[in-house]
Structure formats: C-alpha cells, structure tokens
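Any value given below was found using the heavy atoms of this structure, including those in side chains, with hydrogens, waters and symmetry copies removed.
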Amino acid sequence: MNSLGLFIPTNNTTIGIAINTTNTPSSLLHFPIPPFSNNFTSSGRKKLVLRAQSLGYKSDCDNQLIDLMESEKEVVELNRNLYPNIEPYSTGFLKVSDIHTIYWEQSGNPNGHPVVFLHGGPGGGTSPSNRKFFDPEFYRIILFDQRGSGQSTPHACLEENTTQHLIDDIEKLREHLEIPEWQVFGGSWGSTLALAYSQAHPNKVTGIVLRGIFLVRKKEIDWFYEGGAAAIYPDAWEPFRDLIPENERESFIHAYKKRLNSDDVETQYAAARAWTKWEMMTAHLLPNEETIKRGDDDKFSLAFARIENHYFVNRGFFPSDSFLLDNVDKIRHINTTIVQGRYDVCCPMMSAWDLHKVWPEADFKVVPDAGHSANEPGIAAELVAANERLKNIIKNGL
C-alpha cells in the first residue's frame, strides 16, 4: 500500500496518521495545514483531523485521537487554585560540607510523587506558602534552604557557596531522603538552579516547572543592577543608587560587594537593606507592601543581598554567558512548563523568550497581567496548573 504520514503535534507528543494514498487523487493530498507552533490548540488539532477525514483519509489511530481530545478536555479543567496551608510531616538538617548544613522539610503525601522546590535569590530561603503550589494528596513536597539562606547555617556565608555546590547539595538531599527521581520546580534564581541541576542530572528528573526565567547573563544583570530597570522604577532606583558615591557607580554590583562584605556590620546592613528593597519594590506588577517590608528585616536582607551579589558578580559561576541555553539538548525530552509574567522587571521576558526559542517542546505560558512574583494571581494559577498537568501525565502513565 502506498501511504502518506501525517503528523499532528500535541503538547510534548506527536500523533501519526497513516493515510492510504493508493486510490486518492493527488490533488487531495495537498489540503491546507495550519503552521504548527507550541501554542497549537486542541481545537486546531481537531479541525486538522476532521479536515483529513472529510477528504477521505482514514486514521489508523482513532483511539489515540479520542484519547487526545479527552486529555485536552482535562487540561481545560485543571485546578488553578492554590492549595490550603499545610504543615511539614518531617524536618531536618543535612550536613553537606565541613562548613555548611542545610535545612530541609517534607509535607504532603509521604508516599506521593516527590517534587523539590528550589527557591529564588539566591539567598531568599523558603517559606510555608511555597507548599501551596502542589496537591498535597498527590505530591511529596520537599523544600530546602540553600547554603547560607533561611534556616541553613552558617547564615549568609559565601565560603564554598557556588552553583556547583548547590547542585551537589540537591543530589545529597535526594539520596538522603532515598528518592530515586523527582520533579523539579523553581522560579527566578530557582529557575536557573532548576535548569543547571536538571542538565547535570537529567536521569533524576521526571518533570520541570520554571517561572520568571533568569539565565545570569551579563545583559540581565546590567538591566536590573546597572540602571536599565531604573527607567521604569526611578523612584525605587534612586535610594539604591544613592548609597554608592558617584565615583564608584561604574559598577553597582562591585560597589555593593565591597559594602556587603565590609568589616563594619552597620555598613553591611545598610547595603543589604538598599539592595533588598530595590528588588522587593519591583517584584510585583502592582506594589506589594508585605513584600517590600522584607527589606526591613536585617537578617533576611543580609543573606539575600550578600549571596545574590556573590553569585551575580561571578555570573552564576557558569563557564559562559549562554551555558544554560547551550545545554538544553540534555533536558529537551523532559516534560516542562515555562511560566513568565509579561511585565516582569526583575527577570524580563527576553530570557524566557530566548529559552522558548531553543526549547519549543516545553509549554510556554505568558501571563499578560503579571510581573515577577510567584504570588501574583495569574502566575500562581499557571504554576498550579503546570503541576496539575504533570500530575495527570504521571497518573496516566504517559
């Protein structure tokens, strides 16, 4: 039999239709097919299938097509609401080096599918609200504070604190908790670390959810810390700028490095407060007073500012500016969702767009009315839905 292969892309799937062309006029083989894209909808797929069938083509995978339509119906009905507050069922501290000990916790279902939450900053630490993105009946939810952050010790310590150390810590924690493989979830710096960890250990990752993409490239750091974002938030920028004398403003991140590591504690705290408030004032599309107040907490601010600055001065300790983009092939096969706020000032959409272009297989969700924070309603809804989507894939054994 002469046959023609028609391939219809779905989210992370391609469905093949074998068409018997023996008695089919050649003119019918050239029916219009819409251009495929990552946002090709279920209705578009259905129209394409119906168009093929109307022209006399018979599918050898009718059952698969029916399953596809049913799965797309489920996607539309995914829960998008944050889950209720829950408490951990176990907590602990893991000594990961002669210097560092990291705090970890588990919540949700002890026998559920493991997911590890990678917090931002670096230096931001975790909070109880981070558990609410996951269905606690399905997921075994693991949170931990990265080196020097949150409850991990020593506080705000930069020694033996690099991206590779954090990748190694994630593996040590996975082994400590006797988890064969897990889902990875991270936003902002957490997206950076999620990409770096997954590229280093792709066989340990079942799925990835990323938010507010940050690739630690020079243009991203220059945008936020060297005056680019000041065009949008000049009122928030000026206190950050004015802490540094004019003769040191050639590089704000290096001027802040000097102060955040000063021998004088008050100098450290003043720099930490200015650095942290600048980011907190720009993290939401609309100002969030609760977030901004975090800049008044000297303990939080010191770890947040000092560790962020340490990583940014060293460009994330990556060997090249495009390292994470260059290594996407290692994780291309992993089911992934990228969530990005259209008006994210901290991590502008250019980075999510660049990642999307080299990784079109990943679902790409742009939230039209959001900035950077995971707690903005539209972003939170997409993050919950992304986890629900991966949950359904696991439950259905796809």
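In this structure F138 satisfies the ring-ring contact (aromatic ring centres under 6.0 Å, His included) test with no other residue, sequence neighbours excluded. By the salt bridge (charged side-chain N to carboxylate O under 4.0 Å, His left out) test, R294 pairs with no residue at all, sequence neighbours left out. For K218, the salt bridge (charged side-chain N to carboxylate O under 4.0 Å, His left out) partners are D222, not counting sequence neighbours. For H310, the ring-ring contact (aromatic ring centres under 6.0 Å, His included) partners two or more places apart in sequence, or in a different chain, are F317. Scored by the salt bridge (charged side-chain N to carboxylate O under 4.0 Å, His left out) test, R273 finds D298 as partners (sequence neighbours excluded). Every residue two or more places apart in sequence or in another chain that forms a ring-ring contact (aromatic ring centres under 6.0 Å, His included) with H201 is listed here: Y197. For R174, the salt bridge (charged side-chain N to carboxylate O under 4.0 Å, His left out) partners are E171, not counting sequence neighbours. A search for side chain to side chain contact (heavy atoms under 4.5 Å, CB included) contacts involving N85 returns K132, not counting sequence neighbours.
Two rings, from F252 and W237, have their centers less than 6.0 Å apart. You'll find the ring centres of Y225 and Y256 outside the 6.0 Å limit.
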CA sep, side-chain torsions, deciding dist, call: Q183, N387, side-chain hydrogen bond (donor to acceptor under 3.5 Å, both in side chains): CA-CA 9 Å; Q183 184 173 313; N387 287 324; 2.9 Å; yes

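A donor-acceptor contact shorter than 3.5 Å is absent between the side chain of R211 and the backbone of V339. In terms of modelled atom types and a separation under 3.5 Å, the side chain of N327 and the main chain of F323 share a donor-acceptor contact. A donor-acceptor contact shorter than 3.5 Å links the side chain of R147 to the backbone of E160. For the pair Q199 (side chain) and L324 (backbone), a donor-acceptor distance under 3.5 Å is present. For Q340 (side chain) and M350 (main-chain N/O), no donor-acceptor pair under 3.5 Å exists by modelled atom type. Side-chain atoms of S152 come within 3.5 Å of backbone atoms of Y103 as a donor-acceptor pair (strictly under, hydrogens ignored).
Under a 4.5 Å side-chain heavy-atom criterion applied to ILVMFWY residues, the cluster that includes L285 comprises Y343 as well. Taking a 4.5 Å side-chain heavy-atom cut-off between Ile, Leu, Val, Met, Phe, Trp and Tyr, the cluster of L286 contains only that residue.
Sorted by first then second residue, the ring-ring contact (aromatic ring centres under 6.0 Å, His included) pairs that include residues 203-223, not counting sequence neighbours, are F214-F312.
Under 4.0 Å is where a charged nitrogen must lie from a carboxylate oxygen, and between K277 and D296 at least one such pair does. Comment: K172 does not engage E175 in a salt bridge, judged by the lack of any side-chain N to carboxylate O separation of less than 4.0 angstrom.
Within the 4.5 Å cutoff, the side chain of I86 has heavy atoms near those of the I141 side chain. Two residues are said to be in side-chain contact when any heavy atoms from C-beta on lie closer than 4.5 Å; I213 and W353 fail this criterion.
In summary, the side chains of H372 and T282 do not present any donor paired with an acceptor at a separation below 3.5 Å, with no hydrogens or angles considered. Counted by atom type alone, D326 and S322 present one or more donor-acceptor pairs between their side chains at under 3.5 Å.
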Please output the side-chain donor-acceptor pairs of residues 239-247 that fall under 3.5 Å, not counting sequence neighbours, one pair per line with the distance.
none

